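Presented below is the structure to which this report refers.
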Amino acid sequence: MTTSPPDQQERRGAFSSRRVFILAAIGSAVGLGNIWRFPYVAYENGGGAFVVPYLVALLTAGIPFLFLDYALGHRHRGSAPLSFARQSRATEALGWWQVGICFMIAIYYAAVIAYAVRYTFFSVGQSWGDDPEGYFFEEFLRVEGSGITTEVVVGVLVPLLIVWAAVLLIMGLGVQNGIGASSVVFIPLLVVAFAVLVVRSLFLPGAAAGLDQLFTPDWGALTNASVWAAAFGQIFFSLSIGFGIMITYASYVGRRTDMTGSGFVVGFANSGFELLAGIGVFAALGFMAQANGVAVDEVVADGIGLAFVAFPAIISEAPGGALIGVLFFGSLVIAGLTSLVSVLEVVVSAVRDKLELSRLTAVAVVGGPAALVSLVLFSTTSGLSVLDIVDYFINRFGILLVAVVSMVVLAWFVRALPGLAGHLNRHGSIRLGRVWMALVAVVAPLALAFVLARDFLDTLDKPYGGYPGWMLGVFGWGAAGLVLVLGLVLARLPWHRSVDLTPAGSTSHAANDEEEAR
Amino acid sequence: MSTEAIVMMVVAMVVLWGGLGAAVVNLLRQDTSGEPDHTHRDL
């Protein structure tokens with residue numbers, strides 16, 4: 001027996017309104033990368049001139065790809081594997097590949113949030129003293145050489161447990177009462193907290209010099225292919241597209257929702273927040289440079305180094321530093337939590353759909369093992385090395401690879417684009433036609449394939465981070481390969497007998513969709 | 001800050017924050033019939 005669509009919606013859960021969906025989607029897109037990656041990427045790739053390739057990438061690849069994810073999930077009303085299976089049975093493995101990637105991301109992403117939780121409190125007393133770098137690596141993480149250890153760092157274990165408890169609580173409360181409700185609170189809070197941080201940073205001495213470094217355009221950079229690759233890479237990683245999140249979230253939205261209009265809001269909100277982060281971070285770096293009597297380019301950093309080394313130094317030297325610290329690390333925690341919830345929901349939703357489990361059971365089945373692996377791997381003295389390797393490889397040879405493959409498969413093999421465009425056009429305020437199809441079938445895959453190929457050659461050329469070959473093999477290539485194999489294996493397992501896999505293409509509704517696209 | 005940097009900062013603000021404003025206005029002008037009238041059960 002199969003279930004009717006209204007019953008499925010009742011069981012799967014749904015966002016109560018378009019506003020809640022948009023806030024949840026923004027919560028997913030706005031993550032750690034917006035705060036600690038974008039400012040550095042913009043600075044390194046033309047400064048003010050980076051606006052040009054960035055905007056081109058947003059409009060020609062980011063938002064069009066976001067629409068593809070929305071169309072799949074919204075049309076087929078399922079998790080990533082179910083939506084792919086309903087689109088074409090042979091593509092189900094792509095959905096499971098995305099699920100595996102999300103599982104892998106969730107287990108290390110939680111660890112970074114745990115660091116930020118501790119540092120929110122460290123900021124009050126500035127526990128790092130006058131050596132933030134030594135404190136972070138030696139006292140806080142107790143990093144010891146290379147290799148794997150089983151020595152537990154209690155200072156990481158406890159906040160990591162708290163992060164997992166919070167995330168699983170949100171997931172257990174459901175799509176609306178957990179994910180939706182937390183986004184409604186967290187996203188406005190994040191914007192206000194970060195805006196206060198930016199205003200405070202702008203009034204620090206030296207802030208103007210920092211902004212000058214960020215925004216002074218280097219127009220010559222626009223002729224450099226690597227700058228364009230950086231722009232496409234930044235947009236792609238920042239928007240949470242191509243690995244199941246937006247498919248899953250779109251499946252929880254009312255059928256008559258304007259998905260294209262919503263997508264533009266999500267895309268520009270994400271980029272707008274990146275700009276805000278760029279201003280705040282470089283104003284603060286300008287202050288740090290002036291305080292130390294050095295040029296701004298000598299203090300510029302990104303990622304872990306920016307958050308846990310440069311910012312603590314700024315906090316120690318700035319008047320009202322504790323406030324800056326609480327706002328900065330608090331923002332990282334909120335941005336990270338809403339993203340982590342979305343990543344894990346891809347897995348929970350897929351398991352629920354496949355096995356017809358209740359939400360609480362699915363959260364336990366997925367969250368229990370995820371939390372356990374996360375705690376085992378990342379609360380030890382070797383946690384940071386493993387995190388760094390998994391993050392590098394899964395981003396490139398997981399997310400980027402599956403994104404390119406799925407776009408090519410959907411556009412060229414399944415020929416799904418006319419039907420998907422037609423579906424979004426039914427209630428969308430921005431009509432999709434041949435231009436969108438060309439962007440998704442040609443421009444976006446080519447641009448992302450170029451980024452992927454460069455990263456692949458770089459990785460072959462120089463072992464990442466100077467780590468031992470066996471670590472790169474296990475936690476890098478091994479992790480990326482494992483999720484691909486898992487995808488193929490899980491796609492062969494049968495669905496619960498009550499799940500309707502009928503392709504939308506066999507209904508008159510789909511025929512109308514295709515007609516609308518013409 | 002140099003004039004060039006100020007101009008590029010303003011351009012980035014107008015394009016990205018202005019784009020967000022325009023996207024929100026576009027959405028609000030549309031029919032809101034897509035809003036479900038109740039919260040779906042999710043157990």
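Because only heavy atoms are used, hydrogens play no part in the values below, and waters and symmetry mates are left out as well, while side chains stay in. Within every chain, numbering begins at 1; the chains are lettered A, B, ... in the order of the sequence lines, protein sequences first and strands thereafter. Values in this document were obtained by computation on a predicted structure and should not be read as measured data.
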Indicate whether any N or O donor in one side chain lies under 3.5 Å from an N or O acceptor in the other, for A:T260 and A:D258.
-> yes
Hey, could you give me the CZ/OG1 distance between A:R352 and A:T248, rounded to the nearest 0.5 Å?
-> 12.0 Å
Contact part of A:L214 toward chain B, heavy-atom cut-off under 4.5 Å: side chain, backbone, both or neither?
-> neither
Ignoring hydrogens and angles, state whether a donor on the side chain of A:Q234 or A:Y40 is under 3.5 Å from an acceptor on the partner side chain.
-> no
Considering only heavy atoms, which portion of A:A209 lies under 4.5 Å from any heavy atom of chain B: side chain, backbone, both, or neither?
-> neither
Considering only heavy atoms, which portion of A:V265 lies under 4.5 Å from any heavy atom of chain B: side chain, backbone, both, or neither?
-> both
Contacting region of A:F50 [heavy-atom separation from chain B under 4.5 Å] = neither
Is chain B contacted by the side chain of A:L211, its backbone, both, or neither, given a heavy-atom distance below 4.5 Å?
-> both
To the nearest 0.5 angstrom, please state how far the OG atom of A:S251 sits from the CZ atom of A:R77.
-> 6.5 Å
Assert top hit (heavy-atom pairs under 4.5 Å, partner chain A, pool B:A22, B:G21, B:A12) equals B:A12
Looking at A:S271, A:P217, A:G278, A:A269, which makes the most heavy-atom pairs under 4.5 Å with chain B?
-> A:P217
Once the angle between the rings of A:F264 and A:F268 is folded into 0 to 90°, is it parallel (under 30°), tilted (30 to 60°) or perpendicular (over 60°)?
-> parallel
Using the benzene-type ring in the case of Trp, are the ring centres of A:F21 and A:Y70 under 6.0 Å apart?
-> yes
